[in-house]
Amino acid sequence: KPTEPGSELPKTPRNGSHPSSSGGAQHLPQTIIIGVRKGGTRALLEMLSLHPDVAAADNEVHFFDWEEHYRQGLGWYRSQMPFSAPHQLTVEKTPAYFTSPQVPERVYRMNPNIRLLLILRDPAERVLSDYTQVYYNHLQKRKPYPPIQQVLLREGRLNPDYKALNRSLYHLHLQRWLRFFPLPHLHLVDGDRLIRDPFPEIQKVERFLQLSPQINASNFYFNKTKGFYCLRDGGRDRCLHESKGRAHPQVDARLLHRLHEYFHEPNKKFFELVGRTFDWH
Ligand SMILES: Nc1ncnc2c1ncn2[C@@H]1O[C@H](COP(=O)(O)OS(=O)(=O)O)[C@@H](OP(=O)(O)O)[C@H]1O
């Protein structure tokens, strides 16, 4: 997947994290947004970056999941991080980490005490978002891509080999992480709530990361044209890239119902694993 630009407007340099002005150093991340793909990982990273004590890597680094990167070692990983001041937390987001089997152990070996952020969305909606992303990637390359019904169904049944379905089986992926990290090391962000009302979700993240409460409600404003919240940072307004918040395909009501049913049991298992529920279909 091509690395997306962070936002439509260039960012204001963060306190002490701008290489030319601060002369700070690069550090391995103390926290990572591990996924889920299409969960709202970019929004979460950008919102967290409003905090002056956070220095975020602009691009997805894909260190733990791409062999050609992992082979280059932690020195290479560090070199991908932003310059930051000693009081700042370094963070990167690579949504593929959550579903890549080899990643939890690799992250553990780097730092068993790292704090992990996982943003999740209604699994069925996430599938539609995932499909939409792949559809547009094909469109850009002028390649055809089948309609949603065709990728979802095989011989009249939901096709379990469709990768987007598998990525939404959150309990399977989380189980792998829990073999290495106890639950309190992981903070779950409700991606559906982050869309509707981002500030309370971001306040919880501030608390989890033990950051002083510096992000304010006034850092967010609802942009009617975009239909999403955008950010206000030092008087500058910015929305996420236009590839975020695209319309999803219309799915026949019966198929949608089947999709919701498909996730019913897996969701229950996930809720049991994490000891809380989410407002999913
Ligand atoms: N404020 C704001 N503005 C725009 N978009 C927002 C926002 N908050 C959350 N989202 C949702 O983020 C979804 C994309 O998730 P990711 O950034 O994790 O996608 S990716 O995996 O990195 O491609 C994206 O999914 P789609 O709506 O399917 O495009 C958005 O719904």
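Only this structure's heavy atoms are used, side chains among them; waters, hydrogens and symmetry mates stay out.
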Practice item. Just jot down the ring pair (Phe, Tyr, Trp, His ring centres under 6.0 Å) partners of Y170, sequence neighbours excluded, or say none. Key: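 By the ring pair (Phe, Tyr, Trp, His ring centres under 6.0 Å) rule, Y170 matches F270, W280.
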Exercise for review: Under the ring pair (Phe, Tyr, Trp, His ring centres under 6.0 Å) rule, collect the residues that match up with H260, sequence neighbours excluded.
Suggested key: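 With sequence neighbours excluded, H260 shows a ring pair (Phe, Tyr, Trp, His ring centres under 6.0 Å) to H281, given in chain and number order.
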Check your understanding: Does V61 offer a backbone N or O that forms a donor-acceptor pair with the side chain of T94 under 3.5 Å?
Key ->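 Yes, the answer is positive, given that a donor and an acceptor are paired below the 3.5 Å cut-off.
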**Study point:** N/O donor-acceptor pair under 3.5 Å between E201 side chain and D190 backbone
**Key:** yes
Check your understanding: Can you tell me how far the OG1 atom of T132 sits from the CG atom of N137, to the nearest 0.5 Å?
Key ->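 It is 11.0 Å, given to the nearest 0.5 Å.
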Review point. Hey, do the aromatic rings of Y229 and Y221 have their centres closer than 6.0 Å?
Key: no
Do the side chains of [Y] and [X] get nearer than 4.5 Å, heavy atoms only?
X    : Y    : answer
F199 : N219 : no
F63  : L74  : yes
V107 : L116 : yes
R193 : K204 : yes
H248 : S129 : yes
H51  : L209 : no

Review point. In terms of heavy-atom contacts, does CZ of R254 have more than 12 from other residues, nucleotides or ligands at under 6.0 Å?
Key: no
Point to revise | Q210 atom CD: more than 12 heavy-atom contacts under 6.0 Å | key: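 For Q210, atom CD is not crowded (no more than 12 foreign heavy atoms under 6.0 Å).
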[X] versus [Y], closest heavy-atom pair with distance:
X    : Y    : answer
D130 : R167 : OD2-NH1, 2.8 Å
A124 : D122 : N-OD1, 2.9 Å
P52  : Q88  : O-NE2, 2.9 Å
L231 : E46  : CD1-O, 3.7 Å

Practice item. Give a yes or no on whether a salt bridge exists between R258 and E261, defined as a side-chain N under 4.0 angstrom from a carboxylate O. Key: no
Tell me every residue that passes side chain to side chain donor-acceptor pair (under 3.5 Å) with [X], counting only those two or more places apart in sequence or in another chain.
X    : answer
E206 : none
Q214 : S212
N267 : none
E67  : R106

Check your understanding: Could you give all pairs that pass the disulfide (SG to SG under 2.5 Å) test and reach residues 125-161, with sequence neighbours left out?
Key ->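 As it turns out, there is no disulfide (SG to SG under 2.5 Å) pair with a partner in residues 125-161 once direct neighbours are skipped.
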**Study point:** Pairs satisfying disulfide (SG to SG under 2.5 Å), at least one member in residues 122-237, at least two apart
**Key:**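 Residue pairs with at least one partner in residues 122-237: C230-C239.
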Listed pairs under 3.5 Å, donor-acceptor, residues 75-82 side chains, sequence neighbours left out:
unit_1	atom_1	unit_2	atom_2	d
Y77	OH	E92	OE2	2.6
S79	OG	W76	O	2.5

Point to revise | Between R126 and S168, a side-chain donor and acceptor under 3.5 Å | key: yes
Point to revise | Linked hydrophobic residues, Y162 as query - side chain contacts closer than 4.5 Å | key: V127, L128, Y131, V134, Y135, Y136, L139, Y145, I148, V151, L152, L153, L158, L165, L169, L172, V251, L255, L256, L259, Y262, F263
**Study point:** Fellow cluster residues of I195, listed by chain then number, with links counted only when side-chain atoms sit under 4.5 Å apart
**Key:**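 Its cluster mates, by chain and number, are F228.
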Check your understanding: Would you call the rings of W66 and H69 parallel, tilted or perpendicular, where under 30° means parallel and over 60° means perpendicular?
Key ->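 Plane angle between 30° and 60°, so tilted.
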Check your understanding: What residues, two or more places apart in sequence or in another chain, satisfy side chain to side chain contact (heavy atoms under 4.5 Å, CB included) together with E105?
Key -> R109, F180
